[in-house]
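In each ligand, atom 1 is the first atom listed, and ligand 1 is the first ligand listed.
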Amino acid sequence: MGFRKSGLPSSLAAAAADTGRYCGTSAQIEQIDGQPDLRAAIVRECTWLTPEYALKWDAIEPKPGSHLFTPVDDLLRFSDAHGMKVRGHTLLWHRTVPSWAERILRESKDWGPIHRHFSTVLARYGQAIDQWDVINEPLEPGHHGDGLRRSVFLDVFGPDYIRRALEEARILAPTARLMVNEYGLEYDLPDERSRRHCLLKLVERLKAAGAPLDGLGIQGHLDLGKGKIDATAFGDFLAEIAALGLFIVITELDVREADRQAPVAARDRRVADEVRRYLDVALAQPAVRGVITWGMTDRHSWLSPSTADEGHATDTARTTRDRNRGLPFDAAMHRKPMHSAIRESLLAAPR
Ligand code: G3I
């Protein structure tokens with residue numbers, strides 16, 4: 001694993017391992033297979049991978065009963081070959097329910113399609129993948145008294161759908177660690193205050209009901225346009241979640257920039273400083289066990305949407321100025337100050 005002449009870990013993986021933690025990234029096997037520089041960086045810097053898209057319901061079962069397993073199988077082959085682990089992202093997410101399944105769920109009010117989805121995916125991957133986002137993004141304060149998001153799941157099965165999904169997953173993958181994954185929890189904003197409150201109450205209700213919830217995924221999509229991270233409130237929130245016996249993972253770290261007209265060096269400095277502020281609070285909580293970025297390079301990021309669709313060739317042509325620079329490496333795979341911010345925060349973290 002990468003160490004400097006100073007003996008200090010130089011790779012994110014080594015810096016994380018220094019305190020028994022782990023580091024990783026979201027990934028698409030097609031990009032890893034087609035880009036040797038990206039592949040090399042992932043092998044050097046990561047011990048965990050999250051399928052960015054391939055394991056989602058609409059990607060893995062676009063038509064009823066016809067499954068596209070290859071992208072996930074190939075990602076697992078790659079991770080196995082490099083001693084990495086894979087996160088199961090995600091079983092139930094309102095944004096990736098195939099339209100055919102949404103129709104059946106609404107018409108039949110029958111849990112069957114969800115049971116079949118879980119059974120198929122967990123039968124195939126329940127052993128190889130031991131950390132699952134069973135529910136992704138259940139909250140949208142303002143619609144429902146308890147802050148739950150309006151979705152086909154809530155509409156058809158009521159608030160109890162979350163406990164039911166967790167229990168279903170526990171039966172089908174008894175050794176897997178089951179999680180709920182959420183965003184918008186760190187800034188000093190009314191909406192994010194309400195999200196922290198609603199998520200804590202949700203976890204308390206689930207634990208009180210004996211639901212098999214083992215961990216919490218905090219996405220960590222930072223945004224320089226959102227003002228100040230509320231370090232005290234966020235730190236307290238993490239401590240309250242830890243006190244309920246859950247482990248925590250930062251699952252989708254990246255930074256949305258506000259000003260792309262500023263000099264690139266200034267932009268990268270702002271991004272790195274925000275990441276350091278954030279991780280110094282998060283990693284001060286021993287229950288926070290891992291940091292996963294939502295991509296390694298600005299070459300591929302949902303924050304520069306078109307990169308996903310236009311092949312690699314055009315990517316490089318895209319100007320440095322246009323891209324969002326919210327990931328550890330730039331489009332040419334050069335390390336950025338954000339990489340150092342993550343590494344230094346990991347090295348400074350308590351065990
Ligand atoms: O792979 C197909 C490609 O074959 C096809 O040509 C192309 C055109 O339609 O679509 C490609 O699939 C896209 C896929 O990303 C791969 O790039 C899907 O349309 C697109 O919907 C999918 O978007 C993903 C999105 O979640 C929805 O699943 C993004 O990559 C991914 O970054 C984003 O990630 C989410 C997390 O899961 C949850 N938290 C927020 C985060 C950002 O939205």
Would you say the ring centers of F153 and H94 fall short of 6.0 Å from each other?
no

Ion pair check, [X] and [Y], cut-off under 4.0 Å:
X    : Y    : result
R267 : D259 : no
R106 : E102 : yes
E61  : R116 : no
R150 : D155 : yes
D188 : R193 : yes

At the 4.0 Å heavy-atom cut-off, does H89 count as touching ligand 1?
yes

Using a strict 4.0 Å cut-off to heavy atoms of [X], name the atoms of ligand 1 that fall inside it.
X    : result
R95  : 25 (C), 27 (C), 43 (O)
E137 : 38 (C), 39 (N), 40 (C)
T96  : 28 (O)
N136 : 38 (C)
E52  : 29 (C), 30 (O), 31 (C), 32 (O)

Relative to ligand 1, is [X] under 4.0 angstrom through side chain, backbone, both or neither, heavy atoms considered?
X    : answer
D58  : neither
N181 : neither
Y183 : neither

What verdict does the side chain to side chain donor-acceptor pair (under 3.5 Å) test give for S301 and N324, after you've listed the backbone C-alpha separation in whole Å, the side-chain angles of each residue and the deciding distance to 0.1 Å?
CA-CA 8 Å; S301 169; N324 189 83; 5.1 Å; no

Looking only at non-hydrogen atoms, which of Q28, Q219, E252, K56 approaches atom 24 (C) of ligand 1 most closely?
K56

Please check whether W302 reaches ligand 1 - meaning an N/O of the residue sits under 3.5 Å from an N/O of the ligand, judged on distance alone.
no

Test: R195 cationic atom under 6.0 Å from Y187 six-membered ring centre, within 45° of axis
no

